[in-house]
Each structure stands twice: as C-alpha cells, then as structure tokens.
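Encoded as structure tokens, the structure appears first; notes follow it.
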2 protein chains.
Amino acid sequence: MSTIVDVANLARVSTATVSRVINTPDQVSPATRDKVLKAMETCQYRYNALAKGFATQKTRIIGVVVPSITNPVFAESTRGIQDVLSACGYHTILGNTDYTYAREAETLQVFRQMQVEGIIISTTDLKGEALAALNREDFPFVLTYSTVRSGPLSCVGVDNFAGGYRATAHLTANGHTRIAMLAGAFSFSDKSRHRWYGYRKCLRDNKLSYDAALVLQSDYTLEGGMAGLDRLMALDHPPTAVFCSNDYLALGIMEKARHLSLSIPRDLSLVGFDDIPMVGFLTPGLDTIHQPAYDMGQESARVLVSRLKDGPGRPVHKLLPTQLIKRGSVQPPTGTPREIPCNHN
Amino acid sequence: MSTIVDVANLARVSTATVSRVINTPDQVSPATRDKVLKAMETCQYRYNALAKGFATQKTRIIGVVVPSITNPVFAESTRGIQDVLSACGYHTILGNTDYTYAREAETLQVFRQMQVEGIIISTTDLKGEALAALNREDFPFVLTYSTVRSGPLSCVGVDNFAGGYRATAHLTANGHTRIAMLAGAFSFSDKSRHRWYGYRKCLRDNKLSYDAALVLQSDYTLEGGMAGLDRLMALDHPPTAVFCSNDYLALGIMEKARHLSLSIPRDLSLVGFDDIPMVGFLTPGLDTIHQPAYDMGQESARVLVSRLKDGPGRPVHKLLPTQLIKRGSVQPPTGTPREIPCNHN
DNA sequence: TTGTACGCGTTATCAC
DNA sequence: GTGATAACGCGTACAA
C-alpha cells in the first residue's frame, strides 16, 4: 500500500505538498497539483483516514448505542441520526447491547478506545458508572429515548410519563377499570418506569385503585408478551385491557390472544407504545403511542454536533411530543357504555 | 489524555514494559506489573486502539454494508454477523446505502479509508467498479444475500432462482394462471432478477404464457407496493395472484388492497419473500419464502473470518436453503378446484 | 508556493 | 525480564 511518501517521491515534491493537494488543493499551483494527482494515480495511492485520525486526534466518528437492533423503532432513530451526522461530515458506528448493562459498558469502552468523538446512546442504566464516567470526563454524548428533563446530562427523548398517562387515559375513557400494564423491566428501562408512573397517575386521577398484580415486568420480546398474557388471564379478576410499554410486547400479546381464542378488542383492549411501522398493518390495527423516532434521532445528532462544535455548555433537554394513534384495538369492555369523555391530556 | 509514556514515566519503566503489561502480562514480573497497573490507575490511562491500529496496520474492524437499515431482514442478518465477529474479536461498523450505487461506492471508500480489515456487503451492483476494485486488490470481502454460484467472488446467500420458482409454483399449484410479479428493480437488485428468472421458468414449466405487462419493477418500499397494485388492477386482465420479490412490497399490496376493498386471498393471492417477523402477525398471514437471514449473516462472517485467517484461497459459494411458509394469503382463484399437486421443487 | 522536521500513541526489534 | 528506539502515515508549524 502506497503512502504520501511514495507519491511525493514519484512526483518529486515533498510530502507536505501531497498533503496539501489532498486537504487544501487551492494552496498549491495547478502545475504541481496535476503532477501530484498523476503520481497518486500511478501508485494507486489510497488515503489513510486512520493515520489522519491518529495524527490529528480527530476521527470524525460518532458511536451510536442502541439496546436492540431488531426493534424497528431503533432502526428509524438510527436512520435519523445517520442522516444528520453524515450531512455534517461524521461517520456513524453502531453498537447494540441487547438490553444488558455489561454489553453497554463494553461497547462504550470499545467506542472510546476507537477514539470516537462523541456518543449517542439509549442507555439501559441511567445511573450506571459507565455514563457517570463519560460525564466526569466531559466526553460529548447525548441520551436518546430518555425522559430526563433536568440534570447534567443532555437528553433528547419523549415524555414517557405523559405517554403512559395518555395510553391509560385512552382505556379509562373507554370505560375500562381493570387495566393491566405489561412493562419492560424497570431494571433496564427507565423509559418503561416513567410510562408506569404515567399509568399509575392516570389510574389515581380516575379514582381507580392500583393493583400490583396487574403490573408485570418483562423482557422486551414476543415471548415476554406471550407469557405476560398467560399470567394476566390466570388471575382471579383478569384485566379487560392491557397497556404494553412497547409494541413488541403488544405483538406478543396479540399472538397469545389468538392462541387463547381471545378476540381483540372484544375480549381484551390493547394499547402499545412506539408505533413501529408494522402495527398499522395488523387486524385490528394497534392503538399505540407514537414516538417520532426518526425526528428524535435527527435531533439527538444535532444536539451532539453543536456540543462538538461549541464545546461543553449547559446540558440540553428536549422532549418531543408523542401522539395517541387509534386503530381499533380498544373498545369498551363488553356491556359498558361506549365512550366516556377524557379530560386528562 | 495520558499515554503509555506518562504511565512509563510514573512507574519508572520503559514504554515497552507498559505495552507488555497491556498485551502480554505474563511476560512481565508481578512486581513491575503491579507497579505499572497502579501508575495506569493514577494517570487515568486509556488505551488508544487507533494508535495500535496505526502501528500494527490491524484495526480488527469489519465493515458491513446493507441496502436498507429499516427492513428487518437486514437487522437479522446483521445480528448474525455481529454475533460471530464479536466472538472472533472483531468490531463491526455498519453502513447503509438506501439501494443506491453512489452511496454504496462512497461507503466502501470510507470503510477502506478507515482501514477496515474486511467487508461484508449486500451489493446493489454486482458488476460495479467498486466491487471489481476490491477484488483486483485481493481485499477480503464477501457478498451476502447474493445468488452467485461461481466466479471469483466469495458469496453467501440463498438460491433466489429456486425461491422465485417455489413461490410461483405455490401459486400455479393453487390453480392461478394470471400471476403477476412485483419485483425490486433489476437495476439495483440481482436477487430480484434471479427471483424473476425462477418465476419465468415456473410459468414455462406450467405451460403458462409469460405476459410482460404482469411484471413490474419497483422501489423496495410500501409506496412501491401500493402503486404496483394500482397498475396491476388497472390492466384489462388483472392478475389473480401476485408474487412480490420481498415482504415489504407485499405489505404495500396488502395495504392497497384494503383501500381497493379487495380481499386477500379471496380476490387476490399473495406470496412474499424474506419472511420478516411481522408477516406472521398479519391477518391473513403472508405466505412467503423464508430466508435464513440470521444464519446467513453468521455464515458470511465465518467465511470472511477464515479468509482473513488463511489468506486468499479459492472463493467460497454457499447458498442456504429457502423454505415456503404457508399462512393463508393464497387460495385458488374464485371458481377453481382447490389444490393441484405440485411437483416442481 | 514549496520543503523540512517533528509529533501523534503504540508495537516490534533489538540489545542488555 | 527489561530498556532504547525505529517504525507506522499523516498534518502542520516553521522556514525558505
């Protein structure tokens, strides 16, 4: 593999000139420029960005950490991130943690060793040492999909509390009184926890008692959803509606409901969270809380880029709006009046 | 940021010793080792993998190029790739091309400039200069999702011809005679082209005439699927069945069919390709050709890793089996006998 | 406009 | 077991 030295020798110029031809072509006379370009051609010279990164301490690489590569919602936000970053001349490198803190810490370590210039992360442990360390060192990073509305960490996400509230309110407005929540385990998802807070608050505002038996924590998998429904339907007083803390869980429930010959929404109403593309195709379509994933990705990238440009400043907290999408997976419990006005937004 | 030089000074040893503590701890006496580790601690030393890559000309980074990050089938295969690569001590960096050759060439260039050690790519242009260049230089790379069964390029994929044949045979076996194909544009998808070859061959074997008006090329998007169905139903003799060259297109068709009040499978039978997770949740479920995406990813990574280990050898061509999954989106055209035995496998 | 010389953090090759 | 030092490819003062 040839280097600028080879090119320089061939063109009978110095390496500095070759470097200038690459980086600031106008600073070199057309004659020598052509000479150098020709030389590059003949040696099949290939630029070494690694060496540049090494020399300048700037790699133009941003690390993106997501908990799951299979959940389409993360594909969307990642697309948003990439679109903005590549427009700003940055490259993206993606790491996935499968919702485990160990892999998150490891990924973070690898990224830093690779000298990424910044990190965008959907974390599984907001209070973890890994993030604390980044923050201590003033390393540029931003949280996505989070609900943090204050504190030292920059964060772009949605109001998960409000989303959880809205989802539950949709069910209470339809006359449901036994409303379960199938949540991603709070241990790895503060988002899920905030949605649960919203759920509880909404129950309270509607004078519905909170029944801990109706709240299940689960993996974010189809199997988790399926197992969850099994447990819920085995209760003495099974719920008439379930709020799932993401669409994946809701899919698991729908699948399991089919096995149990439960009809949705007749026997069970269902609300999800995320609005991944496919839930609009189901029959019935899934009522869900839409997250603007692509926009959130874009915004996260923008926040990171300006942090990179302007240096450390006060942390940014942006919560994007969510939206309830009604498609037909919710109806009043059998034998209940149709729709009750909802004044909790 | 402290370096091994700082550590060496602090521990009163040479940089070589520090390096040994990092890479081959047994080659250094326990006493000095501890001394060095302590020094690392106190200067908050962080290893610089970039510098190592620069010094050794080995980055342990593999570039993965996919045409779409949103299509779940690529998420699956990427997961397979990552699982194998990380087990072999490689890091993965993901690039996405949105099915455009320009972005593919650019991504390839960036990856090479970053000094990736190998590339796994689902290409949009098999005959393109970008791949040819890689091959000329003996750069280690493998194609995925491809159908190439010979030639100089290593390739792990599925038999798209057989898959296309099988999908079509499923329709002819059900008595369909006007079978359309909605294909990803051949210009960017040789997979789609091979599926089309299978489609044509199957028609011929069944003595069905080939009608070019029934074959549409499209983007791999929902909108492409929707527009496609519009055009097909506007024909003088609309088809009674459609083979879609991926599930995404089939989803678009299902959505559009709903708008047109066409019932699937009563008014229109449908077969897809890929078997992305969600199509099992639809009503009716989509009949489709299952690709073992995760396995294919794993296998691609294995092929690349052994190429990396053993140096250039003869190219590998592995075609994994596909499988027809029946879920209910196909039935005989109205007023036709039920199932005709199929002897084309 | 062009050239010289050094630094970036690590590994590898010798010596000792 | 340990130390000194030359690579690795590029950017960049600074000098010419």
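A, B, ... follow the sequence lines: proteins, then strands. Residue 1 opens every chain. Everything quoted here is computed from the prediction, not taken from an experiment.
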Practice task
Measure from the side-chain N and O atoms of A/Thr144 to the backbone N and O of A/Val156, and report whether any donor-acceptor pair falls under 3.5 Å.
Solution key: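 No, the answer is negative, given that no donor and acceptor are paired below the 3.5 Å cut-off.
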[atom1] of [X] versus [atom2] of [N]: gap in Å, rounded?
X        : N      : atom1 : atom2 : value
B/Gln27  : C/dA12 : CD    : P     : 11 Å
A/Gln57  : D/dT12 : CD    : P     : 12 Å
A/Gln115 : C/dC8  : CD    : P     : 14 Å
B/Asn48  : C/dG9  : CG    : P     : 7 Å
B/Met114 : D/dG9  : CE    : P     : 18 Å
B/Met1   : C/dC8  : CE    : C1'   : 14 Å
B/Lys58  : D/dG9  : NZ    : C1'   : 16 Å
B/Ile4   : D/dA4  : CD1   : C1'   : 13 Å

Exercise for the section: On the 0 to 90° scale, with breaks at 30° and 60°, tag the B/Tyr99-B/Phe74 ring pair as parallel, tilted or perpendicular. Expected result: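 Judged by the thresholds at 30° and 60°, the geometry between B/Tyr99 and B/Phe74 is perpendicular.
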Handout entry: 5'-most by nearest nucleotide on DNA chain C - A/Asp26 or A/Ala16
Key =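 Closer to the 5' end of DNA chain C: A/Asp26.
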Handout entry: Along DNA chain D (nearest heavy atom to each residue), the more 5'-positioned of A/Ile22 and B/Arg12
Key = B/Arg12
Exercise for the section: For A/Thr3, report the nucleic acid contact type (base, sugar-phosphate, nothing); a contact means any heavy atom under 4.0 Å. Expected result: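 Result for A/Thr3 = sugar-phosphate.
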Practice task
Could you check whether B/Val18 gets within reach of a base, just the sugar-phosphate, or nothing at all, counting any heavy atom under 4.0 Å?
Solution key: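 Nothing: the residue B/Val18, judged by heavy atoms under 4.0 Å, touches no strand.
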Among the nucleotides [options], which one has an atom lying closest to any side-chain atom of [X]?
X       : options               : answer
A/Ser14 : C/dG3, C/dT11, D/dG11 : C/dG3
A/Tyr45 : D/dT2, C/dT11, D/dC10 : D/dC10
B/Phe54 : D/dT2, C/dT2, D/dG9   : D/dG9

Exercise for the section: May I ask you to check whether B/Glu104 and B/Thr124 show a side-chain donor-acceptor distance below 3.5 Å? Expected result: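 Indeed, the side chains of B/Glu104 and B/Thr124 share at least one donor-acceptor pair under 3.5 Å.
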Practice task
Verify the distance criterion only: is there a donor paired with an acceptor across the side chains of B/Ser146 and B/Asp190 at less than 3.5 Å?
Solution key: yes
Practice task
Establish whether the base of D/dG1 is bridged to the side chain of B/Arg33 by a donor-acceptor pair shorter than 3.5 Å.
Solution key: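 No, the side chain and the base share no sub-3.5 Å donor-acceptor pair.
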Practice task
Return yes if the base of C/dG3 and the side-chain atoms of A/Arg20 contain a donor-acceptor N/O pair under 3.5 Å, otherwise no.
Solution key: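 When only heavy-atom distances are counted, A/Arg20 does reach the base of C/dG3 through a donor-acceptor pair under 3.5 Å.
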Problem - Atom CD of A/Gln44 with >12 non-hydrogen neighbours under 6.0 angstrom - result: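 No, because the 6.0 Å sphere around CD of A/Gln44 holds 12 heavy atoms or fewer from other groups.
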